[in-house]
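Inspection log for the structure reproduced underneath, given as C-alpha cells.
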Amino acid sequence: MTVVAKVQFLLKLMGSLAIVALLFTATGLYGVLSYAVERRRREIGVRIALGAGRSEVLSLVFRQAMRLAATGLVSGVAGVALTGRVLSTVVQGIEPLNHLVLLGSACCTLVLVSLAAAYIPATRAGAVDPIHALRSE
C-alpha cells in the first residue's frame with residue numbers, strides 16, 4: 001500500500017466517522033428536545049393560554065437547542081485545535097489558515113444540523129393546545 005493510498009484511506013475513514021458523528025448529534029439533539037418539549041407541555045400550554053405567540057414558543061425551543069449546540073461547539077473547537085495539528089502532518093500543504101476554515105465550516109454545519117433537529121420539536125411545541133395541555137396529568 002502506497003503512502004497516497006494510506007492517506008486516502010485515512011481521509012475517507014475520517015470523513016465517514018464525521019458523518020456518523022453528525023447523524024448521532026442530530027438524532028441525540030432531536031431526542032433531547034422532543035423529551036424536553038413533552039416534559040414542558042403543561043408549561044407551554046400555560047404560556048400559550050396567557051398570550052404567548054407561536055413565535056415565542058418556537059424561539060423558546062430553538063434557544064434551548066442553541067444552548068446545547070454551543071456546548072458541542074466548545075468541545076468541537078478543542079477537537080479541531082487538537083486534530084488540526086495531526087491533519088497538517090498527514091496531509092501535505094495544509095496551512096494554519098485552513099484550520100480556521102475547517103473550524104468555521106464545522107461550526108456552521110453544527111448550527112445548521114442543530115436547527116434542523118430542533119425544527120420538529122419546536123413546531124410540536126408551537127402547536128400545543130392549551131386546553132389539552134392543562135387538562136392532562
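Only this structure's heavy atoms are used, side chains among them; waters, hydrogens and symmetry mates stay out.
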- prompt: Is there a path from V128 to V57 through hydrophobic residues (I, L, V, M, F, W, Y) whose side chains come within less than 4.5 Å of each other?
  reply: yes

Rounded distance (nearest 0.5 Å) linking atom CD1 of I19 with atom CG of L23: 7.5 Å

message: According to a hydrophobic-cluster definition based on side-chain heavy atoms being under 4.5 Å apart (Ile, Leu, Val, Met, Phe, Trp, Tyr only), do L115 and L110 belong together?
response: yes

message: In the structure I gave you, are the side-chain heavy atoms of Y119 and T123 within less than 4.5 Å of one another anywhere?
response: yes

- request: State plainly whether one hydrophobic cluster holds both V32 and L58, where clusters connect Ile, Leu, Val, Met, Phe, Trp and Tyr through side-chain heavy atoms under 4.5 angstrom apart.
  value: no

message: Do L33 and L68 have side chains that approach each other closer than 4.5 Å (heavy atoms only, starting at C-beta)?
response: yes

message: So, taking the atom named CG in L73 and the one named OG in S114, what distance separates them when rounded to the nearest 0.5 Å?
response: 7.0 Å

Close side-chain approach of I48 and R54, heavy atoms under 4.5 Å: no

task: Would you confirm whether S34, through its side chain, and G31, through its main-chain N or O, come within 3.5 Å as a donor-acceptor pair?
output: no

field: ILVMFWY network linking L17 to F9, side-chain heavy atoms under 4.5 angstrom
entry: yes

query: Are side-chain heavy atoms of I44 and R124 found at a separation under 4.5 Å?
result: no

- line: Here the pair of heavy atoms bringing A118 nearest to V61 is O-CG1, 4.3 Å

query: Just wondering, more than 12 heavy atoms not from L112 lying within 6.0 Å of its CG?
result: yes

- prompt: Is there a side-chain contact between V37 and Q64, using heavy atoms and a 4.5 Å cut-off?
  reply: no

- prompt: Quick check: does any side chain N or O of S75 sit under 3.5 Å from a backbone N or O of G72, one acting as donor and the other as acceptor?
  reply: yes

task: Please examine the side chains of R42 and R47, heavy atoms only from C-beta on, and report whether any two atoms are closer than 4.5 Å.
output: no

